[in-house]
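Report on one structure; see the data block that follows.
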Amino acid sequence: MRFLLVEDDRMIGDSLRAALRMEGHAVDWVRDAEAAASTLASERFDLVLLDLGLPRGSGMDVLKALRARGDATPVIVLTARDGPGDRVAGLDAGADDYLVKPFELDELGARIRAVLRRQAGRAMPLLTHGGVSLDPATRQVMRDGQPVLLSAREYAVLELLMQRPGAVLSRAMIEDRLYGWGEEIESNAVSVYVHQLRRKLGSDFIRNMRGVGYFLAAETAA
Ligand code: CA
């Protein structure tokens, strides 16, 4: 998943970015409201973590502008303000959830998963395809009932594919979701992750459409 982190506090931003990257997400980080607005106008993200108290504008205005142009990108507001009025205003302005600082990283992780599940319109959090199941809450992957150990990036690639079974994802689309700005992308990284996933999940599980991208093999009747 690709996240935009909008946070002017360097320490909080550093720790959030590190924690989200550990989970295999790509994180782009901007530190003021103007940068947030221009980034959101030009790039697509799976989720925005938005501080409200920002230099050069306010997070609330960023959120209102986003919703005013019909952009439904999920937004979790992170803020030190904890008056009930602020919470209501944030949700009314179109935030999907609201966390008051200081918060536990575990709680943020759970809220992120809940928001992404709602966004995907899935009632059941478990993704299954062709004998493989993936639980975004525990990050556990099973193949035919046996646990499979994946690296964070292998997991991220698999999650992307399993969220859209049948869709062909280009290498560029996968890279875009795996890497944030300024992160060096090894030229064949995606094919290496796919190779590892095939080794662990079966050589036919992920198919390659030459020159187009990767997709999950159709499920066959057992
Ligand atoms: Ca702030």
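Computed over heavy atoms, backbone and side chain alike; hydrogens, waters and symmetry mates excluded. Order of listing sets the numbers, starting from 1, for every ligand and every atom in it. No experiment lies behind these values; they were computed from the predicted model shown.
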query = Per the salt bridge (charged side-chain N to carboxylate O under 4.0 Å, His left out) rule, which among Arg118, Arg117, Arg67 passes with Asp96?
reply = Arg67

task = Quick one: do Arg199 and Gln196 satisfy side-chain hydrogen bond (donor to acceptor under 3.5 Å, both in side chains)? Show the steps, please.
result = CA-CA 5 Å; Arg199 199 171 59 74; Gln196 292 298 335; 3.0 Å; yes

task = Could you tell me how the ring of His25 sits relative to the ring of Phe3: parallel (under 30°), tilted (30 to 60°) or perpendicular (over 60°)?
result = parallel

request  = Starting from Met142, walk the hydrophobic network (Ile, Leu, Val, Met, Phe, Trp, Tyr; side-chain heavy atoms closer than 4.5 Å) and list everyone else you reach, by chain and number.
outcome  = none

remark   = Atoms listed for the Ca ion (ligand 1) (protein only, N, O or S, under 3.0 Å, no waters) are Asp8 OD1, Asp51 OD2, Gly53 O

ask   = Is it the case that Arg111 places NZ or CZ above or below the six-membered ring of Tyr98, under 6.0 angstrom from the centre and within 45 degrees of the axis?
value = no

request  = Look at Lys101 together with Asp51 and state whether they make a salt bridge at an N to O cut-off of under 4.0 Å.
outcome  = yes

